[in-house]
Amino acid sequence: MAPKFYKWIFFAFCFFYVFIHGCWGLYEPYDAGIKVLDQENFDYSVFSQYAGNQLTYTEDLTWIIQFYNSWCGHCIKFSRTYKALGNKSQHWDQFLRIGAVDCAYEENRDLCIRFNILGTPAIRSFAPHSHVSSQGAVFQVKESLEDLVKDVLDVLETNKRPAELQTVPEQSVTQLWSTVPMSVTALAVIIEPIGSHIGKESIMHLLPNLHSLAVRRASASNRMLTERWNLNEKLPAIVFLDRHLPGQHGTLGLDAFRSKDPVEAFSEAILRADVELTNRQHIPRRPYRRPAYDHSPETLPSPQRYPIQRSYMQLAESSNINSFQLPPAPKTPQKADVQDLDSAIVYALVNEVGRQGDISGKAYTALQSFTRAAVRWLPVKGDTKLALQSLDDILRRRSFISGNEVLSVLRQSGLDMSSRRIKWKHCRSSIPNRRGYPCGLWQIFHTMTVRAFIDSMQSRVNTNALGPDGVLTAIFGYVEHFFSCQECSRHLMSAVRNYQRNTEFASPSEAVLYLWRTHNNVNMRLAGDYSEDPAHPKQYFPTLNQCYDCRESNTHSSLISWNESGVLNFLRQFYGTI
Ligand SMILES: Cc1cc2nc3c(=O)[nH]c(=O)nc-3n(C[C@H](O)[C@H](O)[C@H](O)COP(=O)(O)OP(=O)(O)OC[C@H]3O[C@@H](n4cnc5c(N)ncnc54)[C@H](O)[C@@H]3O)c2cc1C
């Protein structure tokens, strides 16, 4: 009865929280080992507190904190590894906390600006007792859980908390015992090759569970100990010592465990010795905190995991056009929507440009060109149009600007900058934290190039900054300097650099088609990815249902032969008639 009651209370709380604050980001309060941080709880959770010069509160904790944007594909993908890290390290909470801040959440805006988060995902580590002015140390985002865990262990070792992670210096066994409290009579020393993390990870799993035994680690380069115990060829190994039996030791090498993971093997062996000793001494045991040896991202339960179901449209893609029976009318749009363009440009200016420090040099030129192209080619209206014009005016007259100044220009022009105005129509997703902004940004890019192309056909002008080539260059400039999905920007810019080196845009339509091809390449790279919205699977665009004339006949999806003049006509219709 009682657990059910608490469950209902929890769901009621969740409902009201989501109702008041909007959706949670990629992490939830019940994700094991991850603390959701925000503008309100960040400082008192992470930093030491002072009243005047008086230290009033501090904890001996290292914090690893990820700043992310819940719409960013790489952040979505990385969330599984990060959750696995939280899971694996959840019992290390006496020394370590793993946190996450959603920078896409409006209330966290100032927090992310304060830590100068311009690209996501970004991770910082904070040493124990850090001052509130600390920016933390940059911590590399690693794709694999194993690498991430190793880096966390290295940070803990550097921070000297827990002290047991430090390797013992060259010393005699008597000196080694002098580092252990007199009440402790048994000692396990893990000796391992240089660069190995077995000892560090085993110690982190062991510390919450040890009662009678102390544990230390030594490196293979510690000649005094390895020669004393004759271990040179047999590392890694555990050496067990008893204070009352000087001169004696017992050794366990990995070969004693063969089939097991070394961390699990060593931790379990030391734990068994500790249990035996504790029982013998009749010491009451604390509850056992089961180490998470093998929580890989794939084995984690996740509310957002879904079997990827391909829609009938993809069946259409893979069927022979001649034999394929067209399914019922598709629900896919036949036109981009101005609401997506409006939301995306406001989001870009407020949350990407507005969060920069000083903008000068190439970044300034990129912003200038992008704003000018947006004023000319985006069919937005009202306060958005006015805001773009005001920004364009200022940028023409100056040579540098700060993110804060951009925000005040937007504010003074009367732009409604609240998150309430950001509404997605065609870019709306079927599950939380998908689509939205990056979808809207693509729509902006295609709309601007297509409209510039249509104009160039009428005026026959393609050479100026507002022609299709100039617009495409402005788009690349924005992606390079301002798009906050770091990996997206890196991928796109490396693809574009190759292109620019090899080819000149031959005709005005080439800029439009180049962007269309580039986007299709991104679609194919991401098809079936964890960041995909299952109701909007990534596929070649336009689909067969959207444009029958865009493909040459008798082709299969894997080898689509496009009719590019058909594609161009379709894009003109889709993006040019909003
Ligand atoms: C410049 C850029 C680079 C990105 N790189 C990455 C990355 O490296 N990794 C990652 O995980 N995410 C990346 N993203 C995000 C990703 O491409 C999607 O935007 C995101 O996953 C949302 O997908 P979506 O389903 O809304 O469709 P999107 O791909 O965002 O497409 C939005 C809409 O554009 C139209 N469209 C689709 N394809 C084309 C096309 N070829 N030509 C014209 N119109 C088209 C469709 O109507 C579609 O619904 C990037 C986004 C941008 C803007």
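Residues: numbered from 1 along the sequence shown. All ligand and atom numbering here is 1-based and tracks the order in the structure. Note: hydrogens, waters and symmetry copies are ignored here, and every other heavy atom, side chains too, is used.
Residue-level proximity to ligand 1 for Phe570 is absent, since no heavy atom of it falls below 4.0 angstrom. Contacts between Ile76 and ligand 1, counted as non-hydrogen atom pairs separated by less than 4.0 Å, are absent for every part of the residue. At a 4.0 Å heavy-atom cut-off, ligand 1 touches Arg525 through the side chain alone.
For atom 46 (C) of ligand 1, the nearest non-hydrogen atom of the protein is Phe541 CE1, 3.5 Å. Nearest protein heavy-atom contact of atom 32 (C) of ligand 1 is Cys439 SG, 3.4 Å. The protein heavy-atom contact nearest to atom 15 (C) of ligand 1 is Pro438 CB, 3.8 Å. At the shortest separation from atom 44 (N) of ligand 1 among protein heavy atoms lies Tyr575 OH, 2.7 Å. Looking from atom 2 (C) of ligand 1 to the surrounding protein, the closest heavy atom is Trp442 CZ2, 3.5 Å. Ranking the protein heavy atoms by distance from atom 38 (N) of ligand 1 puts Asn523 ND2, 2.9 Å first.
Note on ligand 1: Arg434 sits outside its first shell, no heavy atom being nearer than 4.0 Å. For Trp71, the closest heavy-atom approach to ligand 1 does not fall below 4.0 Å. Residue contact check for ligand 1: Lys538 places a non-hydrogen atom closer than 4.0 Å to it. In this structure, Tyr540 falls outside the shell of residues with a heavy atom less than 4.0 angstrom from ligand 1.
Taking distance alone, with nitrogen or oxygen atoms compared against 3.5 Å, Glu487 stays at or beyond that limit from ligand 1. In terms of polar-atom proximity, Asp529 is not counted as a contact of ligand 1, lacking any N or O under 3.5 Å from an N or O of the ligand.
Less than 4.0 angstrom separates some heavy atom of Val522 from each of these atoms of ligand 1: 17 (O). Near Gly73, the atoms of ligand 1 lying under 4.0 angstrom from a non-hydrogen atom of the residue are 11 (O). When each atom of ligand 1 is checked for a heavy atom of Lys77 under 4.0 Å away, the hits are 11 (O). Taking every non-hydrogen atom of Trp516 and a distance limit under 4.0 Å, the qualifying atoms of ligand 1 come out as 40 (C), 41 (N), 42 (N). For ligand 1, the atoms sitting less than 4.0 Å from at least one non-hydrogen atom of Leu526 are 9 (N), 10 (C), 11 (O), 12 (N), 13 (C), 16 (C), 17 (O), numbered in the order shown with element in parentheses.
Between Tyr68 and His74, the closest side-chain pair of non-hydrogen atoms is not below 4.5 Å. A heavy-atom distance below 4.5 Å is not found between the side chains of Tyr27 and Asp102. A 4.5 Å side-chain heavy-atom check between Leu118 and Gln356 finds at least one atom pair inside the cut-off.
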Check the pair Cys103, Asn108 against side-chain contact (heavy atoms from CB on, under 4.5 Å), reporting the backbone distance first and the verdict last.
CA-CA 6 Å; Cys103 293; Asn108 293 337; 5.7 Å; no
The test is side-chain contact (heavy atoms from CB on, under 4.5 Å); show your working for Ile422 and Met417 and say whether it passes.
CA-CA 9 Å; Ile422 309 287; Met417 303 202 295; over 6 Å; no
Start with the C-alpha distance between Ile123 and Phe78, add both sets of side-chain angles, then the distance that settles side-chain contact (heavy atoms from CB on, under 4.5 Å), and finish with yes or no.
CA-CA 12 Å; Ile123 306 184; Phe78 181 64; 3.8 Å; yes
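Side-chain contact of Asp147 with Ser144: a donor-acceptor pair under 3.5 Å is present, judged by distance alone. Side-chain N/O atoms of Gln39 and Tyr105 include no donor and acceptor closer than 3.5 Å.
A salt bridge is absent between Glu106 and Arg109: the closest approach of a Lys/Arg side-chain nitrogen to an acidic carboxylate oxygen does not fall below 4.0 angstrom. At a threshold of 4.0 Å, the pair Arg398-Glu405 counts as salt-bridged, since one of the basic side-chain nitrogens sits closer than that to a carboxylate oxygen.
Taken as a pair, Cys75 and Cys485 fail the criterion of an SG-SG distance shorter than 2.5 angstrom.
Between atom 24 (P) of ligand 1 and the options His74, His426, Arg435, Glu532, the minimum heavy-atom separation is to Arg435. Evaluated by nearest non-hydrogen atom to atom 28 (P) of ligand 1, the leading choice among His519, Gln443, His491 is His519. Selection from Ser489, Ala495, Cys488, Ser531 by nearest heavy atom to atom 5 (N) of ligand 1 gives Cys488.
For the side-chain hydrogen bond (donor to acceptor under 3.5 Å, both in side chains) condition, the pairs that include at least one residue of residues 567-577, sequence neighbours left out, are Gln443-Tyr575.
Exactly one of Arg421, Lys381, Lys423 qualifies for a salt bridge (Lys or Arg N to Asp or Glu O under 4.0 Å) with Asp342. That residue is Arg421.
With sequence neighbours left out, Cys72 forms a disulfide bond (SG atoms under 2.5 Å apart) with no residue at all.
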